[in-house]
Amino acid sequence: RVPDHVILSGGLNNRYWVLEVEERPGHKTLTISCSKSLHPTETCLLKDGWEMTPVCCGDVVHMEGHSDSGAWLVDREQGFLVLLPDSLISGTSISSSIRCMRRAVLGDIFDGGSKQMLNGTIVHEVFQRAATAKDFSLETLSKLADQALHSPQYLGDMYTLGVSQEEMKRELHDYLPSLEHWAKEYLSSPAPKTISLKIRAPSRCQDSATVVTVTELADIEENVWSPRFGLKGKIDVTARVRIQRRSHRTLEEKTVPLELKTGKESNSIEHRSQVILYTLMSLERYNPEAGFLLYLKTGNLHPVVPTHMDRRELLKLRNTLVHYIHNCVDKEKKRSRLSRLPDILTNRQTCQYCPQKINCALYERAVDGNSADVSEDVVRDFLQLETGHLTPPHLSYFSHWLLLCCLEAATMEAKNGRKRVWLRTEKNGSCVGNVQLSGPVTIQSEGVFLHRFQRSSAVLQKGLANSGLASGDRIVVSDQEGRLVGLATGYLCEVSRTCVSCTLDRDLSKFSGVLFRLDGDEGVVGLSTHLTNLSRLMENGQDSDRLRELVVDLRPPEFISNLSSVLPREAKDTVANILKGLNKPQKQAMKKVLLSKDYTLIVGMPGTGKTTTICTLVRILHACGFSVLLTSYTHSAVDNILLKLKRFRVGFLRLGQGQKVHPDILPYTEESIRKKGVHTLSDLEQLYNKELVVATTCMGIKHPIFTRRRFDFCIVDEASQISQPICMGPLFYAKRFVLVGDHQQLPPIVQNQEARSLGMDESLFKRLELHSEAVVQLNVQYRMNRQIMSLSNSLMYEGRLECGSERAATALLTLPFLVSVQSELSSYSKTDPQHDLAWIQATLLPSNPVCFLDCSMAGCKPSDIGVIAPYRLQLKSISALLQSSAFTGVEVNTVDRYQGRDKSLIVFSFVKSTAEEGNLGELLKDWRRLNVAITRAKHKLLMVGSATTLRRYAPVEKLLNHLQQENMISLKHMLKLGATTKLFYICNIKSC
DNA sequence: CCTCTGCTGAGAGGA
């Protein structure tokens, strides 16, 4: 009954499964168990308001407090119930839910937030830099403020907002005197400031005047994950304070959270709640009794002393919030639909500046399309104001995709559930435990700290290299006990048998004695970019209106009739020159793009030179003086085009993290250009506007450049592999667009079965293809020889695919050592007639370009050989066989990863061979995947598999029929040994 | 039955 991915446990960090919920007026009883066998069970009585907790059967809960022989009580005075504790909710989300729960839920589903917060961010930064420097003198503060104003990150923000550096500087300098003042008043000063601390503990007297001195600013931006309370957050400042109570003689030293606020000194319930939540989530670290609010405008310090009631109410809010976030879809009779959210507030003061306004209205109309039964005028007016510009088809497109994204997000969440660091043991994941800091921490650059860890000698070695972690992986650092979870994140640099080095975002040198563990961080990636794009598509504005018309209403694309009006006279010769190298369909594609007023779709069948075509297209547009936004889903696809483009002296700016960019493209990245000297806002503006061509991934559209710059064209490569909401992201920023892809190859990956069946794997490319006037087909290919091409033609393209040249059509594999291998094989056959190797001799012949069996390579360069299999495990065992140095360079990969690439010789292992009539896998049922697999080889394609098994897959059956007709199958020699094994065994005899 | 790539964070403020 309990799904595999759920982890239950008893003890302090317990996790219980809810089996039964019994509701009575005034209380609620849960039957729970912390064992996967669901035996024994315990009970939990919820009352005094806790019975309102939206807990359901099948939820996981954490119990706080104590149980009386298996009976828990959570009421006004004692105990907490933490619903779905492994979903960590941020302190700010919870405090924002005080005013509007709906807004907090929407804030979690959609990205978003207003842009008026730059000032606060920089003031924080200055405070934190001063704290690190331990110097709050006006002089230093002013120097630090200047530094911050020129740092890359804030320049980008200023660019976005269109604020000048001078303006920012003036606002910032208003704060500096009060920062200095605060430090003088509180920071280990000779005359410490008196604060009134209200401690409500029964044994203490009320309202005792207390003296608080900050003795040390112990940490800045401390990251806290608290799986016990289901909370997370970043604590502005962790301070050591000395508390001296008048009534007591004692001096107390405490570590407490300090929350900085740049706004009005409101001491509001939201601000105080944030502090209370910080004290709660750092309970295991410091057990702070109190925290402080520091208002930077005035330099005043407000103590916040939480009571049980405060914590109780905030955790109840958290439970409600987590419930809504996790149940955004209802399942009713096997069909999912969007759930209702908490009601719309329609409070003018609160709603006026709400960043979720449009999503709030959109969601309401998505759940309940006609909204005819909205009783309140205010709500109706609000909905009309926010969504009045949208038609019913617009709203149904939005709600349809919102549902799909929620379904998919839920599946991803469930799959990643077990990957949460605090639930993981060293056995079941990529993890290195029991390591200690060794040597000093060195600062590599701002905010990048190089650490070295060593296996503690007490622990028996199995060697760090086998931990499942490799250099370049993202990691999370925690302590071994699980008290300090998620201390830092970063990347692994080197992994040796005994040592690990890594760069982290925080300096952990103060934890020198602590035993750490490093966990691979797969990263839970939500679908917030999808949803943000969808919400943007519904906005009332020029860019959105245009795209909505094309994408949702499917308005036919328009074209102009005459090239001469778009081609500048001075570019004509250059363009003509560039066109010379192209074949007919490629030229057609160029023309269509130039004539388009809306969009063009380029279908690039396998091997037809998509990359070359895109590269040429960019050169032509560039020559005409058009600006181009060049994107694709993956970094490697973007760089593929840029590597070609680079040779033609076309300048471009590459956006994106240096770590993901191809080394040869690095000089074109923003990062590297900035290092050469970008200090002012106008430097940055120049950088962003300099090049006509800008390249990035579809996800990279959060970059500041897109808040201001617009392009004449946007080109999206791999478009048939990108889901609609992601694909439309870059399209907002260009007047016209070009999608390049091939829907006969792999579609976007969708994990959730229901979402897929509802069409989530339909790309924008495919959706728009119904307008055939926008489509150009590239059907002349140069990759495969005639025989290999015939497979794909019979499987998918009905003969439309053509060879571009006789040379490509007849190209065969060259095997320099063929003669000697053949004679060696003959001699084997002679000495041991039992093992006739004639079949291998036949398959070896270059003149048999397609064989459904296998063979070896007699002198083929390892880098010309690709091995493909549909399953990861198979790849693993093939790789294991190829450990010998002779095979370094042979690339072993999945079908999916081979899309877009080719090799001279491809060995494709179908893997499957079962006698039983069992379940068939999904992978081989996909026509498009098979099509990709068979169109990667240029000269020779070897396929290994069990024909009997494979005939059960319709696509493979069609392929096998064709192979049989063409006499390309060697069926006679079924191998007892695994065919692939034998193949590589022979390879080994005659090393390549 | 097991295929895949994107991207950080949480918060910065105002009612």
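Keep in mind it's a predicted model, so treat the numbers as computed, not measured. Worth knowing before you read on, the calculation uses all heavy atoms, side chains too, and leaves out hydrogens, waters and symmetry mates. Residue numbers begin at 1 in each chain, while the letters A, B, ... track the order of the sequences.
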Undergrad: Between A:T697 and B:dC7, does any side-chain N or O lie under 4.0 Å from OP1 or OP2?
TA: yes

Undergrad: Measure from the side chain of A:K660, starting at C-beta and using heavy atoms only, and say which of B:dC4, B:dC7, B:dA12 lies closest.
TA: B:dC7

Undergrad: Given B:dG9, is OP1 or OP2 found less than 4.0 Å from the side-chain N or O atoms of A:S90?
TA: no

Undergrad: Report the residues that fulfil side chain to side chain contact (heavy atoms under 4.5 Å, CB included) with A:D174, sequence neighbours left out, ordered by chain and then residue number.
TA: none

Undergrad: For A:D236 and B:dA10, give me the distance from atom CG to atom P, rounded to whole Å.
TA: 14 Å

Undergrad: Name the stems with DNA chain B in them: runs of three or more consecutive Watson-Crick or G-U pairs, distances under 3.5 Å?
TA: none

Undergrad: Could you work out which one of B:dG11, B:dA10, B:dC4 sits closest to the side chain of A:K232?
TA: B:dA10

Undergrad: Partners of A:S720 by side chain to side chain contact (heavy atoms under 4.5 Å, CB included), sequence neighbours excluded?
TA: A:S763, A:F765

Undergrad: Among B:dG11, B:dT3, B:dT5, which nucleotide sits nearest the side chain of A:Y278?
TA: B:dG11

Undergrad: Let me know the distance between CD of A:Q753 and C1' of B:dT3, rounded to the nearest Å.
TA: 14 Å

Undergrad: A:D157 has an atom CG; how far is it from atom P of B:dA12, in whole Å?
TA: 14 Å

Undergrad: Applying the side-chain hydrogen bond (donor to acceptor under 3.5 Å, both in side chains) test to A:D639, which of A:K660, A:R654, A:H662 qualifies?
TA: A:R654

Undergrad: Using a 4.0 Å heavy-atom cut-off, does A:R506 contact any base of the nucleic acid, only the sugar-phosphate backbone, or nothing at all?
TA: nothing

Undergrad: Starting the side chain at C-beta, find the nucleotide from B:dC4, B:dA15, B:dA10 nearest to A:Q349.
TA: B:dA15

Undergrad: Using a cut-off of 4.0 Å on non-hydrogen atoms, how would the nucleic acid contact of A:G91 be classed: base, sugar-phosphate, or nothing?
TA: sugar-phosphate

Undergrad: Taking the side chain of A:Q751 as heavy atoms from C-beta outward, which of B:dG6, B:dC4, B:dG11 is closest to it?
TA: B:dC4

Undergrad: So, is A:T489 near the phosphate of B:dG9, with a side-chain N or O under 4.0 Å from OP1 or OP2?
TA: no

Undergrad: Mind checking whether A:W182 and A:Y175 have ring centres under 6.0 Å apart?
TA: no

Undergrad: Once you round it to whole Å, what is the distance between P of B:dT3 and CD of A:Q721?
TA: 16 Å

Undergrad: Pick the closest DNA chain B nucleotide for A:E221 and for A:N893 by heavy atoms, then say which residue is nearer the 5' end.
TA: A:N893

Undergrad: If the condition is side chain to side chain donor-acceptor pair (under 3.5 Å), which residues does A:S178 pass it with, not counting sequence neighbours?
TA: none

Undergrad: B:dA15, B:dG9, B:dG6: which one has an atom nearest the side-chain heavy atoms of A:K264?
TA: B:dA15

Undergrad: B:dG14, OP1 or OP2 - any side-chain N/O from A:H271 closer than 4.0 Å?
TA: no

Undergrad: To the nearest angstrom, how far is A:D761 atom CG from B:dT3 atom P?
TA: 17 Å

Undergrad: Got a sec, which pairs hit salt bridge (Lys or Arg N to Asp or Glu O under 4.0 Å) with one end in residues 264-280 of chain A, sequence neighbours left out?
TA: A:R99-A:E270

Undergrad: Between A:F292 and A:H302, is the ring centre distance below 6.0 Å?
TA: no

Undergrad: Rounded to whole angstrom units, what separation is found between the CD atom of A:E408 and the P atom of B:dC7?
TA: 17 Å

Undergrad: For A:D86, which residues count as a salt bridge (charged side-chain N to carboxylate O under 4.0 Å, His left out) partner, sequence neighbours excluded?
TA: A:R15

